Amino acid sequence: MSLQVDYANRAPDITAKDATANPRGLTAPGRVGRLLGVFFTKRNSLVCFVLFPSMIVAVYCFLIASGQYISETRMVVRTIGVSEQFDASEKREGRSIIGGDSLTQDSYIVANYLKSPQIVRRLDAEIGLRGFFLKDAIDTLSRLRREASFEDLYKYWLKQVDTYVDGPSGIIVFTVRAFSPEDSVVISSAALAAADEMIDKISEKAKNDLVTRGERDVMLRLDEYRNALDELRDYQNKTGILDPISSAKMANAIIAKLTEEKLGLTVALKSLEAAKAGDTARGRQLRRSIQALDEQIELRQNNVAGKKATNETQLSSSMTEFSRLETRRIVAQALYEATVRNLDTAKSAALKRTTFMAVFSNSHTPEQSEYPDRFSEWVIITAGLFTLWVTGTLIWMSIEDHRV
């Protein structure tokens with residue numbers, strides 16, 4: 001199958017066939033095919049779709065397109081100060097004051113802010129960002145539309161700036177393109193000043209939040225400690241027992257003394273009974289004393305622990321509730337003391353730590369335009385047009401060949 005077709009030579013044959021089929025004249029498809037065969041030859045199509053557009057692109061790239069100057073700044077975000085330490089078992093060494101496990105995250109925050117709508121709105125209000133891209137000296141295709149909305153300005157900003165963050169070191173590379181050397185430096189300096197203020201605000205807010213959170217925890221634990229003390233005091237007032245353990249020790253000491261006294265009286269009574277004098281007044285008095293001591297001992301024992309109910313609260317029954325309340329008080333006190341220590345540590349860390357943005361390669365006034373790369377863009381567009389023309393020509397020739 002031959003792909004080389006001469007459209008001009010084939011046109012008379014097609015016309016003759018159409019005239020035989022339709023003596024009155026050419027049909028509409030025939031007329032269109034004849035026109036295409038006459039005007040869109042390989043040479044004409046090459047001129048129309050490749051050479052002529054390439055010439056227009058060359059005129060624009062080399063004669064019309066406004067040169068853009070690139071200003072580049074290199075910086076890094078660092079945190080200095082002691083590491084945060086809230087207690088003996090929890091350490092956050094090497095972490096940023098803003099948050100996270102790596103200082104590189106702070107660099108990504110700055111890079112993201114430099115391409116955010118917030119910085120565009122701020123630069124437009126402070127230095128008139130829109131005016132830098134509306135100058136009459138800028139060519140029409142590169143210039144921002146005068147009636148452009150904020151969203152259009154933001155999209156235009158994204159095309160004019162670029163940020164890169166080196167992961168291991170956290171170094172930020174910020175580039176700005178403008179249509180004059182001075183404009184690129186002015187825009188870059190204003191953007192970096194806004195980013196520096198942003199990082200300071202975030203750092204201060206992080207430190208204030210750290211202290212505020214510690215103070216809030218202290219107040220919460222203090223309220224819990226006070227509630228535990230109030231419940232313990234109410235129970236003590238209700239039962240009349242300050243400390244069941246101490247009361248039990250005192251009751252046992254009294255019982256032991258009464259028991260000792262009872263034993264002495266019992267020995268005396270046995271002596272009288274051995275002397276046949278148990279029914280004397282002395283013997284009856286000893287029996288009454290021993291009985292009274294037994295009643296007192298039994299009463300004291302029931303107050304401490306026993307099966308018989310008494311009008312007073314048993315120490316054994318109050319011991320459980322008292323232990324629960326006392327344990328709660330001890331735990332609440334320990335938590336309160338821990339939060340106070342954490343608050344002191346947080347205040348110390350907030351005073352000693354600071355996050356800052358350090359610029360180690362300032363933007364300088366560029367001396368020559370680096371964008372657009374006129375020759376490269378012209379070559380790429382021309383090559384693309386030629387590739388499309390070759391593809392279209394092969395497809396058309398293949399179709400014409402199948403018509404034979």
Side-chain angles (χ1 to χ4, degrees), residues 1-70 115 133 136-149 151-162 164 175 177-179 368-404:
M1 179 181 64
S2 177
L3 296 179
Q4 294 184 0
V5 180
D6 192 343
Y7 302 104
N9 294 332
R10 291 182 55 85
D13 297 338
I14 297 173
T15 304
K17 292 179 181 179
D18 293 340
T20 304
N22 186 4
R24 293 184 179 182
L26 295 174
T27 60
R31 289 194 298 269
V32 173
R34 182 178 181 182
L35 291 175
L36 292 176
V38 172
F39 293 103
F40 290 96
T41 62
K42 287 186 290 183
R43 180 180 300 176
N44 293 341
S45 62
L46 178 63
V47 173
C48 294
F49 295 107
V50 180
L51 297 182
F52 183 69
S54 176
M55 291 177 60
I56 296 177
V57 172
V59 170
Y60 173 76
C61 289
F62 293 100
L63 300 178
I64 301 177
S66 300
Q68 300 184 32
Y69 299 84
I70 299 177
K115 302 182 72 173
F133 306 125
D136 295 333
I138 306 174
D139 68 272
T140 304
L141 296 181
S142 301
R143 186 171 56 237
L144 178 67
R145 294 185 299 108
R146 295 190 179 277
E147 65 278 6
S149 62
E151 288 74 16
D152 295 333
L153 177 61
Y154 174 62
K155 293 178 181 178
Y156 191 90
W157 169 260
L158 294 180
K159 297 178 182 178
Q160 297 300 116
V161 300
D162 186 38
Y164 169 75
T175 57
R177 293 202 317 267
F179 296 93
Q368 62 181 5
S369 171
E370 298 183 12
Y371 185 88
D373 190 347
R374 305 174 192 273
F375 181 76
S376 297
E377 291 188 2
W378 174 72
V379 170
I380 291 173
I381 294 176
T382 302
L385 292 173
F386 182 75
T387 302
L388 292 176
W389 174 80
V390 171
T391 303
T393 302
L394 291 176
I395 293 175
W396 179 261
M397 293 172 63
S398 177
I399 294 175
E400 288 295 323
D401 188 68
H402 281 79
R403 288 182 180 179
V404 178

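All of these numbers come straight from a predicted model, not from anything done at the bench.
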Is it the case that the side chain of [X] and the backbone of [Y] share a donor-acceptor pair, with hydrogens and angles ignored and the cut-off at 3.5 Å?
{"X": "Y154", "Y": "K115", "answer": "yes"}
{"X": "S398", "Y": "L394", "answer": "no"}
{"X": "D139", "Y": "S66", "answer": "yes"}
{"X": "S369", "Y": "Q68", "answer": "yes"}

Closest approach of [X] and [Y], non-hydrogen atoms and distance?
{"X": "F375", "Y": "F62", "result": "CA-CZ, 3.9 Å"}
{"X": "W389", "Y": "V50", "result": "CB-CG2, 3.4 Å"}
{"X": "C48", "Y": "P53", "result": "O-CD, 3.2 Å"}
{"X": "Y371", "Y": "R177", "result": "CD2-NE, 3.5 Å"}

Under a 4.5 Å cut-off applied to non-hydrogen side-chain atoms, are [X] and [Y] in contact?
{"X": "L385", "Y": "F49", "answer": "no"}
{"X": "V57", "Y": "T382", "answer": "no"}
{"X": "Y60", "Y": "I56", "answer": "no"}

Neighbour count above 12 (heavy atom, 6.0 Å) for F52 CZ: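 Result for CZ/F52: open.
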What's the separation between atom CD in Q368 and atom CD1 in I70, rounded to the nearest 0.5 Å?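 Here the interatomic distance stands at 10.5 Å.
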Rounded distance [0.5 Å steps], OG in S149 versus NZ in K155: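 One finds 7.5 Å between OG of S149 and NZ of K155.
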Starting from the C-alpha separation in whole Å, work towards a yes-or-no answer on salt bridge (charged side-chain N to carboxylate O under 4.0 Å, His left out) for D152 and K159. CA-CA 11 Å; D152 295 333; K159 297 178 182 178; over 6 Å; no
Report the relative orientation of the aromatic rings in F133 and Y156; use parallel for angles under 30°, tilted for 30 to 60°, perpendicular for over 60°. tilted
